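Read through the structure below, which is laid out as structure tokens, and then see the notes.
Note that the structure is a prediction, hence the values are computed from the model and not measured.
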Amino acid sequence: QVQLVESGGGSVQAGGSLTLSCVASEYTYKNYYLGWFRQAPGKEREAVAAVDAGGLPNYADSVKGRFTVSKDNAKNTLFLQMDSLKPEDTAMYYCGAAPAFWQIVQGEVDYWGQGTQVTVSS
């Protein structure tokens with residue numbers, strides 16, 4: 001069964017930090033690529049960060065230098081460390097899973113977590 005459970009969202013002031021977690025089932029973690037996405041009201045869902053087939057992190061230009069994606073293989077968990085948060089980072093953040101990495105890059109994701117809200121105030 002494909003399972004994704006997100007946590008860690010909340011409300012912070014600009015310049016603050018949050019860490020998001022995506023806990024996957026062993027099956028999901030072993031057989032799918034995982035990535036972070038976000039969607040603000042009235043905007044398209046966009047890819048934020050993911051780890052590619054070579055183990056290298058990939059980031060949207062808007063978050064480079066501020067966000068860090070990492071994995072804990074022992075806990076089947078994908079993390080997103082968010083620092084220097086800006087009001088424009090306010091969005092619902094989702095963990096997504098797909099069997100091919102290009103699907104993560106293109107947003108053609110087969111499975112989604114429930115989402116966790118991140119709100120950044122000025």
* Asked: Between OH of Tyr94 and CD of Gln39, what distance do you get to the nearest 0.5 Å?
  -> 6.0 Å

* Asked: So, do Val2 and Tyr27 sit near enough that their side-chain heavy atoms are less than 4.5 Å apart?
  -> yes

* Structure fact -> Per side-chain hydrogen bond (donor to acceptor under 3.5 Å, both in side chains), Tyr29 is matched among Asn76, Asn73, Asp72 by Asn73

* Least distance between heavy atoms, Met82 atom then Leu20 atom -> CE-CG, 3.7 Å

* Asked: Quick one: are Thr90 and Gln117 in side-chain contact, heavy atoms under 4.5 Å?
  -> yes

* **Any residue meeting side chain to side chain contact (heavy atoms under 4.5 Å, CB included) with Val69, in chain and number order, not counting sequence neighbours** => Trp36, Ala49, Val51, Pro57, Tyr59, Leu78, Leu80

* Asked: Is Trp112 linked to Tyr33 within one hydrophobic cluster, defined over Ile, Leu, Val, Met, Phe, Trp and Tyr using a side-chain heavy-atom separation of less than 4.5 Å?
  -> yes

* Asked: Do Thr68 and Phe79 have side chains that get closer than 4.5 Å, going by heavy atoms?
  -> no

* Hey, does the side chain of Thr28 reach the backbone of Gln3 with a donor-acceptor pair shorter than 3.5 angstrom? -> yes

* Structure fact -> Smallest heavy-atom separation, Pro87 atom then Ala14 atom, equals CD-CB, 4.2 Å

* Asked: Listed by chain and number, what are the side chain to side chain contact (heavy atoms under 4.5 Å, CB included) partners of Ser17, not counting sequence neighbours?
  -> Gln81, Asp83

* Using atom types as modelled and distance alone, determine if a side-chain donor or acceptor of Asp52 lies under 3.5 Å from a backbone N or O of Ala50. => no

* Asked: With sequence neighbours excluded, what pairs up with Thr77 under the side chain to side chain donor-acceptor pair (under 3.5 Å) test?
  -> none

* Rounded distance (nearest 0.5 Å) linking atom OG of Ser122 with atom NZ of Lys86 -> 13.5 Å

* How does the hydrophobic cluster around Val5 look, that is, which other residues are in it when side-chain heavy atoms under 4.5 Å mark a link? -> none

* Structure fact -> With sequence neighbours left out, the residues meeting ring pair (Phe, Tyr, Trp, His ring centres under 6.0 Å) with Tyr32 are Tyr111

* Asked: Has Gln13 got more than 12 heavy atoms of other residues, nucleotides or ligands less than 6.0 Å from its CD?
  -> no

* How many angstroms lie between OG in Ser11 and CG in Leu85, if you round to the nearest 0.5 Å? -> 11.0 Å

* Asked: Which heavy atom in Leu34 sits nearest to a heavy atom in Ala97, and how many Å separate them?
  -> CD2-CB, 3.6 Å

* Asked: Does some side-chain heavy atom of Arg38 sit less than 4.5 Å from a side-chain heavy atom of Val118?
  -> no

* To do: Report the distance from atom CG of Leu18 to atom CZ of Phe67, rounding to the nearest 0.5 Å.
  => 9.0 Å

* Asked: Nearest 0.5 Å, what's the SG-CD distance between Cys22 and Gln114?
  -> 8.5 Å

List the atom pairs, donor and acceptor, that lie under 3.5 Å between side-chain atoms in residues 99-110 and the rest of the protein, sequence neighbours left out.
residue: Gln103; atom: OE1; partner: Ala100; partner atom: N; Å: 3.3
residue: Gln103; atom: NE2; partner: Glu108; partner atom: O; Å: 3.0

